[in-house]
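Every chain is numbered from 1 and lettered A, B, ... according to where its sequence line falls, protein lines coming before strand lines.
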There are 2 protein chains.
Amino acid sequence: MKKRITLADVASAAGVSLMTVSRAINNKPGVGEDMRLAIVKLAEELGYQPNQIARSLATNFTTTVGLVVPDNTNPFFAQIARGVEDTAYKQNYNIFLVNTGENPAREQAALDSLWQKGVDGLILCSSRLPGESLEIEFSRFPAVVLINRELKDPVAHAITINVDDRRGAHRAIKYFREQGRQHIAYIDGPATSLSAKRRLEGYQSALEEAGIGFEPDLVECCAPDTEGGRIATASLIARAPKIDAIYCFNDLVAVGAIQMVRESGKKVPEDIAIIGVDDIPLATIIRPQITTLHVNLRHIGRLAMRTLLDVIEGGSSATAIQIEPVLVVRESA
Amino acid sequence: MKKRITLADVASAAGVSLMTVSRAINNKPGVGEDMRLAIVKLAEELGYQPNQIARSLATNFTTTVGLVVPDNTNPFFAQIARGVEDTAYKQNYNIFLVNTGENPAREQAALDSLWQKGVDGLILCSSRLPGESLEIEFSRFPAVVLINRELKDPVAHAITINVDDRRGAHRAIKYFREQGRQHIAYIDGPATSLSAKRRLEGYQSALEEAGIGFEPDLVECCAPDTEGGRIATASLIARAPKIDAIYCFNDLVAVGAIQMVRESGKKVPEDIAIIGVDDIPLATIIRPQITTLHVNLRHIGRLAMRTLLDVIEGGSSATAIQIEPVLVVRESA
DNA sequence: TTGTATGCGTTATCAA
DNA sequence: TTGATAACGCATACAA
C-alpha cells in the first residue's frame with residue numbers, strides 16, 4: 001500500500017512552511033496568488049489528498065452525516081436515501097447509512113455509533129425511539145432532520161418533514177365522490193404505524209366533510225403487502241357487498257385488492273374503484289394500472305439534506321415541513 | 001450542545017492517568033482487574049464515548065468501509081447493501097454509501113472522497129472504471145471486494161464476487177428442454193452490461209450442449225424493463241411464430257413478455273413458457289407467478305462484508321467467488 | 001505575506 | 001501495574 005502524502009511532504013517539496021501550503025490548498029487569505037498557484041500545482045503533481053480524519057480532529061467537522069432508516073431495501077426509504085446522497089455528493093458530504101430493522105435497541109446503538117464518528121448531522125427516518133430519547137439525541141447532535149415523525153414542541157436545531165397523509169386521504173375521497181361513489185371502504189395498515197393513523201384520520205374526516213357518515217364496518221386493517229390486501233378485501237366484500245370504492249393504505253395493498261375484487265367476479269374500476277398510495281413502479285406495470293397518491297420521495301431526500309445543511313451552517317428555516325401528495329389518475333379509479 | 005467527555009475527564013475523575021483509563025476501556029493488559037472494573041463503571045456513569053476520530057488518527061483504522069453502487073434504489077443493490085450493513089453492524093463497522101449513477105467521473109470522485117475519509121476497505125459494485133484505474137485503487141485501499149466484475153489476473157487484497165450467469169442460463173435451458181420445448185428464444189439486456197454478455201454466452205453454449213443449434217434469429221436485445229420486454233417479445237413473435245419458450249434477461253422483462261404473449265392470443269406457459277432472472281418481489285405478485293433464477297442478494301452482501309473483513313484482518317481467502325443461481329419453478333414455465 | 005507554537009483526543013513507546 | 005511523552009495530520013492563533 002502506498003504511503004500517504006501529507007501537508008508536510010508538500011511543504012518540504014515546495015520549500016515553504018506547512019501553513020503556507022495549508023492556506024493555499026484551503027483557499028484561505030494570506031498567500032500570494034502566484035505562490036498559491038504554484039503550491040496547488042505541486043500538490044496535485046505529488047498526488048496530495050487531505051487527510052479528512054486529521055482535519056476533522058482539528059476542526060470538529062467531518063463533512064459526514066448519518067442516515068438512519070428502518071430498511072434501505074424498502075423502496076420508500078431507498079428513494080429518500082438516493083435523494084439525500086445526491087445532494088450530499090454535490091456538497092462533498094458523505095453519508096453513513098444505517099438500518100434499524102424497526103428495532104429500537106439497534107437504532108439507539110446506531111446513533112451512539114454515529115455520534116462517536118462525529119457526524120455533522122443526522123437524518124432520522126420513521127424513528128421508533130420514545131420522545132424522551134429523541135430529546136436526548138437532539139441535545140447531542142448539532143443538527144437533526146426527522147422524517148415521518150412529528151414533534152409536540154418545536155426544537156431548536158431539529159426539523160421535521162412529513163407527508164400530509166390527511167390531505168392525501170381527502171384528495172382520494174373527494175375524487176371517489178366526484179365519480180359518484182357511495183360506499184367507500186378503507187383498508188388501513190398496521191395500527192402501530194404513524195402513517196396508518198394519519199391516513200385513517202384523513203379518511204374519517206373526509207367522509208364527514210362529504211356528508212356521508214363514517215361506518216366502522218367499512219374499515220379493515222391488514223399487513224401492508226399484497227397478501228394483506230387480498231385478505232382484507234375478501235372480508236370487506238363479504239361483510240359489506242355494497243361497497244363501490246376502496247382506498248388502500250399503499251399500492252401493494254391495492255394490488256391485492258384488485259386481484260381479490262376480480263376473483264370475486266367484479267370489475268375494476270366499474271364495480272369497485274381502487275386508489276392506492278406511494279406510486280411504486282409496480283403501479284404502472286400491472287393492469288389495470290393503479291390510480292394512486294404520489295409523493296416525490298427522492299425530492300424529499302434532497303430537501304432533507306439541504307435542510308440539514310442549512311441547520312449545520314446555522315441558517316435555520318421552518319421547523320416543520322409538510323409534503324402534499326398528488327393524485328395520479330390511471331386505470332383503477 | 002453538550003460538551004464531550006474525554007479520556008482526560010474520566011482520568012481526572014478517577015484520579016489516575018489518562019493511559020490507565022485508555023487501557024482499562026480497551027481491555028488491554030497492564031491494568032489491575034479491580035481498577036479496570038472501577039474505571040469502566042465510572043466511564044459509564046460519566047457517559048464517556050470514545051472519540052473515533054482521534055482514535056482513527058492514532059491507529060490508522062476507522063471501523064468504516066465504503067460501499068459504492070450505481071444506484072441504491074435498484075432492488076438488486078438495495079438487497080446487497082442491506083446484507084453488507086447487517087454484518088457491518090454486527091462487527092461495529094459503519095458504511096459509507098455512495099451512488100455513482102453509472103457515471104465513471106462520479107465514481108472516481110467518490111473513491112477519492114472515501115480514501116480521504118480513511119475507510120478500512122471498499123466494496124465496489126458493478127464498477128464502470130477501466131481496468132487501469134481499478135489497479136490504482138487496489139494499490140491505495142487496504143482491501144477491496146469487487147461485486148459483479150471480473151479480473152484478468154488475481155490481485156493481492158482484491159476479491160471478486162460474481163453470479164454465475166452462464167450456469168444459470170444452463171439451468172433454464174435444461175429445464176425448458178426437459179419440458180420438451182423446441183424453439184427457445186432469449187431476450188437479452190443492453191449489450192453494455194457484463195451480465196448480459198455472460199447470460200448470452202450461457203444461453204448459446206447450453207443450446208449447443210443440448211444438441212439444438214443456436215439461431216441468431218431467436219435472440220433479441222432490449223432495455224432491461226417491462227416495456228423493453230413487451231417490445232422485444234412482439235418482434236420475436238412476429239419474426240419466429242414457432243417459439244415455445246423465452247428465457248428473459250430479468251423478471252421485469254419477463255413480465256413484459258408475459259403480457260405481450262397473452263395479448264397475442266397465446267397462453268403462458270402452455271403455448272410459450274417464460275423464465276426470468278432475479279426473483280424480485282414482483283415475481284410472486286403477478287399472475288402467473290414467474291419462474292425465475294434466484295440468487296440470495298442479501299447473502300451476497302453479507303458474504304462481501306465478511307470477506308472484506310477477512311482481508312482487512314489479514315486472513316486472506318479465495319480471490320474469486322462464484323454464486324450459483326437457483327431455479328425457482330412457479331407458474332410461468 | 002509567511003512562519004512558529006499549540007492543541008484536537010487518542011494510542012504507542014518508553015520509563016518508572 | 002502505572003505514568004509521562006511523543007506521535008497521528010491538520011488548523012487556529014499569534015508572532016515575525
Side-chain angles (χ1 to χ4, degrees), chain A residues 1-40 42-43 46-64 92 115-120 140 142, chain B residues 1-40 42-43 46-64 92 115-120 140 142:
Chain A
M1 209 176 2
K2 234 173 294 180
K3 198 192 145 294
R4 250 197 136 102
I5 311 277
T6 71
L7 268 193
D9 295 329
V10 180
S12 71
V16 298
S17 93
L18 200 150
M19 273 316 296
T20 308
V21 180
S22 172
R23 285 192 263 256
I25 286 180
N26 294 335
N27 274 310
K28 298 243 164 144
V31 175
E33 202 47 33
D34 39 355
M35 171 114 261
R36 152 167 293 137
L37 286 170
I39 290 180
V40 167
L42 179 61
L46 293 177
Y48 170 76
Q49 310 242 122
N51 181 329
Q52 285 286 356
I53 294 178
R55 188 177 272 178
S56 296
L57 189 58
T59 61
N60 252 314
F61 286 95
T62 55
T63 57
T64 277
N92 283 307
W115 153 253
Q116 289 175 15
K117 297 243 158 89
V119 295
D120 295 338
R140 67 171 178 170
Chain B
M1 210 174 4
K2 232 173 292 178
K3 197 191 146 298
R4 246 191 140 104
I5 311 277
T6 71
L7 269 192
D9 295 330
V10 181
S12 71
V16 297
S17 94
L18 207 152
M19 273 315 296
T20 306
V21 180
S22 173
R23 285 192 261 256
I25 286 179
N26 294 331
N27 274 310
K28 298 242 165 144
V31 173
E33 202 47 35
D34 39 354
M35 170 116 263
R36 150 166 296 137
L37 286 169
I39 291 180
V40 167
L42 179 60
L46 293 176
Y48 169 76
Q49 310 242 122
N51 181 330
Q52 285 287 356
I53 296 178
R55 186 175 275 179
S56 297
L57 188 59
T59 60
N60 252 315
F61 286 96
T62 56
T63 57
T64 277
N92 284 305
W115 154 252
Q116 289 175 15
K117 297 244 157 91
V119 294
D120 295 338
R140 67 172 178 169

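Residues in residues 7-19 of chain B take part in these salt bridge (Lys or Arg N to Asp or Glu O under 4.0 Å) pairs, two or more places apart or across chains: B/Lys3-B/Asp9.
Residues passing the side-chain hydrogen bond (donor to acceptor under 3.5 Å, both in side chains) test with A/Thr20 are A/Ser17, sequence neighbours excluded. Contacts of B/Ser12 classified as side-chain contact (heavy atoms from CB on, under 4.5 Å), with partners at least two apart in sequence or in another chain: none. Residues satisfying the side-chain hydrogen bond (donor to acceptor under 3.5 Å, both in side chains) criterion with A/Ser22, sequence neighbours excluded, are absent altogether. Taking B/Asp120 as the reference, nothing meets the salt bridge (Lys or Arg N to Asp or Glu O under 4.0 Å) condition, with sequence neighbours excluded.
A/Gly32 comes within 4.0 angstrom of the backbone, heavy atoms only, and of no base.
First and last contacting nucleotides of DNA chain D toward chain A (any atom under 4.0 angstrom from a heavy atom, 5' to 3' order): D/dG9 to D/dT12.
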Taking distance alone, no hydrogens or angles, what donor-acceptor pairs closer than 3.5 Å link side-chain atoms of residues 27-38 of chain A to residues at least two apart or in another chain?
unit_1: A/Arg36; atom_1: NE; unit_2: A/Ala24; atom_2: O; d: 3.3
unit_1: A/Arg36; atom_1: NH2; unit_2: A/Arg23; atom_2: O; d: 3.2
unit_1: A/Arg36; atom_1: NH2; unit_2: A/Lys28; atom_2: O; d: 2.6

Report all side-chain donor-acceptor pairs from residues 49-59 of chain B shorter than 3.5 Å, counting only partners two or more places apart or in another chain.
unit_1: B/Asn51; atom_1: OD1; unit_2: B/Ile53; atom_2: N; d: 2.8
unit_1: B/Asn51; atom_1: OD1; unit_2: B/Ala54; atom_2: N; d: 3.2
unit_1: B/Arg55; atom_1: NH2; unit_2: B/Asn26; atom_2: OD1; d: 3.2
unit_1: B/Ser56; atom_1: OG; unit_2: B/Gln52; atom_2: O; d: 2.7
unit_1: B/Ser56; atom_1: OG; unit_2: B/Phe61; atom_2: O; d: 3.0
unit_1: B/Thr59; atom_1: OG1; unit_2: B/Arg55; atom_2: O; d: 2.8
unit_1: B/Thr59; atom_1: OG1; unit_2: B/Phe61; atom_2: N; d: 3.2
unit_1: B/Thr59; atom_1: OG1; unit_2: B/Phe61; atom_2: O; d: 3.4

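Comparing the helix axis at one end of the helix from C/dT1-D/dA16 to C/dA16-D/dT1 with that at the other, each defined from 5 consecutive pairs, gives an inter-axis angle of 40° (nearest 10°).
Distance OH/B/Tyr48 to CG/B/Leu7: 3.5 Å, rounded to 0.5 Å.
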**Prompt:** When every nucleotide of nucleotides 9-16 of chain C is labelled 5' to 3' by its protein contacts under 4.0 Å (heavy atoms), B for base, S for sugar-phosphate only, - for none, what sequence of letters results?
**Reply:** BBBB----
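Side-chain contact between B/Lys117 and B/Thr64: absent, with no pair of heavy atoms (C-beta onward) separated by less than 4.5 Å. Contact of the A/Asn92 side chain with the A/Thr63 side chain is not registered, since no non-hydrogen atoms from C-beta on lie closer than 4.5 Å.
Distances shown here put every side-chain N or O of A/Thr20 at or beyond 4.0 Å from the OP1 or OP2 atom of C/dT2.
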